[in-house]
J.: 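My structure is below; once you've seen it, I'll send some questions.
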Amino acid sequence: MRRFFLIFWMLSMLAFNAHSQKQDIHIVSANDMHATIWAFPQLAAIVDSLRQEYPHLLIFSAGDNRTGDPLNDKYEIPAYPMVALMNQVGFNASALGNHEFDVHSLARLTELSNFRYLCANMQAAPESGIHTIPYQVFDVAGLKVGVIGVIQLSPQGIPSTHPDNLKGLSFQPASEVVGQYEWLSKDCDVTILLSHLGYEEDRAMAEAYPWLDLIIGGHTHTQLKGNETQNGVLITQNKNKLPCITHITLTVDSGQVVSSQSEYISLNNYPKKNKIVEEMVRFFSDNPSFRRVLSQAATPFETKEELGCMMCDAFMAICQADIALENPGGVRIDGIPAGDITVRQILELDPFDNQAVVLELTGYELERMMRSYCHDRLFSFPYVGGIRCQIFTKKDNPRIVEKIKLLTLDGKPLNMKRRYRVATNSYVSSTSEIPDGRETVLNTLTADLIMEYLEQQDSVDYKGTSRLEVMQ
């Protein structure tokens, strides 16, 4: 009997010591890839190298995988190239970003993906066909890794996409949902928040939920330097369009994360490419129609407002409007170099398949519409055509709009009682306060308006163009 208890005790100690040995969990994360398919051969090569050293490597995306390259976004099944490439690389899970809802293909993409989409603060009706789960648990060499997904909501209580793209879906603030999964931290060795909330909200999550071990973030395109913690929780995030990815190492001892590190690896300078993925990118890139030249840029477009002003002028010219508006978030590239302007560049500039809309508004109604769209946030104030705007911000908070003055292009006060023909896109009109019965949807994509406008111009020059003046 004594021999039996001795053997039992020895086996118990061996099991205890095995469990108490430190183990490392290795993770590669990306965020806001925005259809940057050309970077995938390097991404795959980095993953190949890490996977040789760490066979149990996990790969996560913090959302916004799509919208940014027409080779992906205009594919027969929109955004399928990104899904195919993510499948080939071996992603384990992805958060839902707001741009996952652009164009009605998410339901099909969830079926074609070899990984799950995680979103705890969204509920999808069965008829939507969108298959997501709130969390997922991964077995990593005997350790349990729990991952919860969340998405950021706009002031309207929905992700920042066209409301028509969200039919059959309902949302709750992430702050009201994440706390319901604290049990996961007790059941798992590691608990991760896969977040498309933005950096500041990630910091708030770390403060509110210290039982999280790691937050893999996205949405605000914030490039962190590495090993950034808040309330003991490691937070990671990169700029958009895959300038680099993150290699995260979590050390677990006796069911607890005892250390965490994040290393940012540049894709631009990585010398190797995965040949299979390179061939896939070459296949998806074979679309000569995107290389068609529309016009010439006499000087480079160097700011988003210059691009926004050109878009507004295109809306006005083709829609025969007096005034035009374009939301800053609808300008998706930072510039266009001097020289040829191609179809691909315009589809990168305006990738959302928004419809052109014409509104009949008085000056007062136009002002109210602009204020309601931006919710008095300066960074959301729309670019304009046909008018100039003086924007007065609060002295104690220069990010908040206090009042605006609408002016003609020659600087005179706009006639606020007159009714104007105002052109914009369907996203702006659907998220703004406008009078009933004043809207006409033209059943034409705004990107098509821009291309038609450019084809009518031998060249365009918007260097230094600005129609918004911020007043202190």
J.: Judged by modelled atom types alone, do Thr220 and Gln237 share a side-chain donor-acceptor pair under 3.5 Å?
T.: yes
J.: Please determine, by modelled atom types, if Glu326 and Asn425 share a side-chain donor-acceptor pair under 3.5 angstrom.
T.: yes
J.: Less than 3.5 Å apart, any donor N or O on the side chain of Asn31 or Ser61 sitting next to an acceptor on the other?
T.: no
J.: Look at the rings of His99 and His34 and say which category their plane angle falls in: under 30° parallel, 30 to 60° tilted, over 60° perpendicular.
T.: perpendicular
J.: Measuring from atom CG of Asp350 to atom CE of Met451, what distance do you get when rounded to the nearest 0.5 angstrom?
T.: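 Atom-to-atom, Asp350:CG and Met451:CE are 8.5 Å apart.
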J.: Look up atom CD1 in Ile248 and atom CG in Leu214, then write down how far apart they are to the nearest 0.5 Å.
T.: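 Interatomic distance, Ile248 CD1 to Leu214 CG, rounded to 0.5 Å: 4.5 Å.
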J.: What I want to check is whether the side chains of Ser259 and Thr251 have a donor and an acceptor closer together than 3.5 Å.
T.: yes
J.: Quick one: pull up CG in Asn87 and CG in Leu112 and give me the separation to the nearest 0.5 Å.
T.: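 Result: 8.0 Å between the selected atoms.
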J.: Have Asp102 and Asn165 got a donor and an acceptor in their side chains that come within less than 3.5 Å?
T.: no
J.: Side-chain donor-acceptor pair under 3.5 Å between Tyr270 and Ser266, yes or no?
T.: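 Note: Tyr270 and Ser266 side chains miss the donor-acceptor criterion.
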J.: If the test is salt bridge (charged side-chain N to carboxylate O under 4.0 Å, His left out), which one of Arg332, Lys74, Arg344 qualifies with Asp69?
T.: Arg344
J.: Supply the atom-to-atom distance Ile336 CD1 to Glu302 CD, rounded to the nearest 0.5 angstrom.
T.: 12.0 Å
